[in-house]
Amino acid sequence: MGHTLSEPLVERMRGFGTTIFAEMTALAQQTGAVNLGQGFPDTDGPNAMLEQAVEAIRGGLNQYPPGPGLPPLRQAVAAHRKARYGLAYDPDSEILVTVGATEAVTATILALCESGDEVVVLEPYYDSYAAAIALAGAVRRPVPLRPSEPGGRFTFDPADLRAAVTDRTRLLLINSPHNPTGTTLTVEELQSIADVAIDRDLIVVTDEVYEHLTYDAATHVPIATLPGMRERTVSVSSAGKTFSVTGWKIGWICAPAAMTRAVMTVKQFSTFTHNGAMQLAVAHGLLREMEWVEALRSSLQLRRDRLADGLASVGLTVHIPEATYFILGDVRPLGLDDGEAFARALPHEAGVVGIPVGVFCDDTDVGKPFVRFAFCKRDDVLDEAVSRLVSYARRRG
Ligand code: PMP
Ligand code: GLN
């Protein structure tokens with residue numbers, strides 16, 4: 001296919017269309033549905049952190065910050081990672097501030113993959129990974145996450161992981177805690193990934209944006225803490241989920257200096273830098289607002305349970321997540337087999353929006369029966385969604 005005026009988009013990006021999150025949020029607006037699709041909270045982050053951003057703007061922090069990020073934020077990321085996980089990174093050479101985790105992952109893939117290289121991803125995968133891999137001219141190799149039983153925890157078979165690695169594999173791109181399944185990889189699961197990475201001399205890119213939002217007994221373990229892994233891992237995180245400021249788009253990577261330099265080389269020409277005031281406010285957040293984050297975590301756990309009960313009451317099989325903003329519901333007990341058709345009809349028929357998990361999968365069987373519902377919403381919003389679903393379930397009989 002050539003380039004024409006009517007189809008100017010490069011071939012490798014055709015088929016990506018509009019993101020499912022934008023599409024379903026637009027559908028929620030058109031239909032007046034309760035939006036449990038796109039994962040964003042409907043309450044604000046810590047007040048003192050918001051005030052810091054306002055003060056920084058009023059105080060004149062309005063010109064380009066340094067490309068790698070404001071030093072106070074890089075220092076705060078380093079202090080946080082050291083205190084929480086015992087991982088030491090040099091703020092000057094091993095930490096890079098990015099425009100959200102999205103830019104961190106995209107710039108990392110563009111920096112590290114030659115055209116034709118392969119990237120192993122856990123499937124379902126976050127949508128921007130597929131686009132970033134395509135932009136790089138690389139190829140994705142999915143490893144499926146499946147539930148152990150109906151309603152069970154999603155995990156992968158280490159044999160599938162080993163089978164996905166070829167001589168062209170360059171990166172293992174993992175995401176834990178995982179969107180959308182909520183799986184928080186255990187040390188054993190991480191070790192099986194580390195074994196493959198070390199054995200095949202691969203770089204691991206790990207997206208940890210939900211690192212603080214884990215529930216019950218689940219705890220987040222960064223793969224970089226495993227023996228032999230720090231030197232081959234690019235760790236990605238962001239302020240959006242931790243501090244309920246998804247629109248601020250302040251993210252970062254922590255990685256050995258050579259990898260950080262490589263990612264910086266790409267990042268400096270994509271955005272160069274962004275938004276000093278919010279970088280400074282996030283530095284304050286990491287140093288001073290972790291109690292606020294702990295309160296957010298417990299409140300999200302209660303809201304998870306509230307929505308889970310509601311979804312179960314309308315007949316979905318609910319997968320209780322160990323982390324994140326999201327619950328997966330399996331539509332099969334409703335006598336359906338296609339979560340995508342269900343999710344696309346739901347705004348019209350029930351007045352509720354969820355995200356079909358099939359769109360995050362190459363293997364249609366892996367995600368097909370599941371719909372993702374976000375519980376990072378106020379109780380009254382969750383209750384309204386559940387009451388609409390209950391009426392819909394009654395009408396269906
Ligand atoms: N990775 C995952 C797994 C996500 O769920 C999201 C969005 N919530 C992102 C990356 C994007 O993060 P950011 O908004 O910081 O770019
Ligand atoms: N990460 C959010 C989610 O999974 C959405 C971000 C976006 O809209 N791109 O819902």
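We count ligands from 1, going down the list as the structure has it; atoms in each ligand are counted the same way.
- Side-chain contact between L161 and V120: present, with at least one pair of heavy atoms (C-beta onward) separated by less than 4.5 Å.
- Contact annotation: for M24 versus ligand 2, there are no heavy atoms closer than 4.0 Å.
- Looking at ligand 2, you'll find an N or O of G39 within less than 3.5 Å of one of its N or O atoms.
- Looking at ligand 2, you won't find any N or O of T19 less than 3.5 Å from one of its N or O atoms.
- Sorted by first and then second residue, the ring pair (Phe, Tyr, Trp, His ring centres under 6.0 Å) pairs involving residues 230-264 (not counting sequence neighbours) form an empty list.
- Here is the list of ligand 2 atoms found below 4.0 Å of a heavy atom in K241: 1 (N).
- Using a 4.5 Å cut-off on side-chain heavy atoms (C-beta onward), I109 and L173 make contact.
- Within the cation-pi definition used here (under 6.0 Å to the ring centroid, within 45° of the axis), K377 qualifies as a partner of F40.
- For ligand 2, one of its N or O atoms has an N or O atom of Y126 under 3.5 Å away.
- Under the salt bridge (Lys or Arg N to Asp or Glu O under 4.0 Å) criterion, the residue pairs touching residues 363-372 are R146-D363, with sequence neighbours excluded.
- Within the 4.5 Å cutoff, the side chain of D127 has no heavy atoms near those of the F16 side chain.
- Looking only at distances, no side-chain donor or acceptor of Q38 sits under 3.5 Å from a matching main-chain atom of T25.
- Counting heavy-atom neighbours within 6.0 Å of R395 CZ, excluding the residue itself, gives a total above 12.
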Pick out the protein N or O atoms lying less than 3.5 Å from any N or O of ligand 1, and list each pair with its distance.
from     : atom 1 : to   : atom 2 : distance (Å)
ligand 1 : 1 (N)  : D207 : OD2    : 2.5
ligand 1 : 5 (O)  : N179 : ND2    : 2.8
ligand 1 : 5 (O)  : Y210 : OH     : 2.8
ligand 1 : 8 (N)  : Y210 : OH     : 3.3
ligand 1 : 8 (N)  : K241 : NZ     : 1.7
ligand 1 : 14 (O) : K249 : NZ     : 3.1
ligand 1 : 15 (O) : A101 : N      : 2.8
ligand 1 : 15 (O) : S238 : OG     : 2.7
ligand 1 : 16 (O) : A101 : N      : 3.1
ligand 1 : 16 (O) : T102 : N      : 2.9
ligand 1 : 16 (O) : T102 : OG1    : 2.6
ligand 1 : 16 (O) : K249 : NZ     : 2.6

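- Among residues two or more places apart in sequence or in another chain, the ring pair (Phe, Tyr, Trp, His ring centres under 6.0 Å) test is passed with H178 by none.
- With hydrogens left out, the protein atom closest to atom 8 (O) of ligand 2 is Q38 NE2, 2.6 Å, a heavy atom.
- Residues I320 and I327 are not in side-chain contact: their nearest non-hydrogen atoms beyond the backbone lie 4.5 Å or more apart.
- Scanning the protein heavy atoms around atom 7 (C) of ligand 2, the nearest turns out to be F21 CD1, 3.5 Å.
- With a 4.0 Å cut-off on non-hydrogen atoms, T25 does not touch ligand 2 at all.
- Within the 4.0 Å heavy-atom shell around ligand 2 one finds F326.
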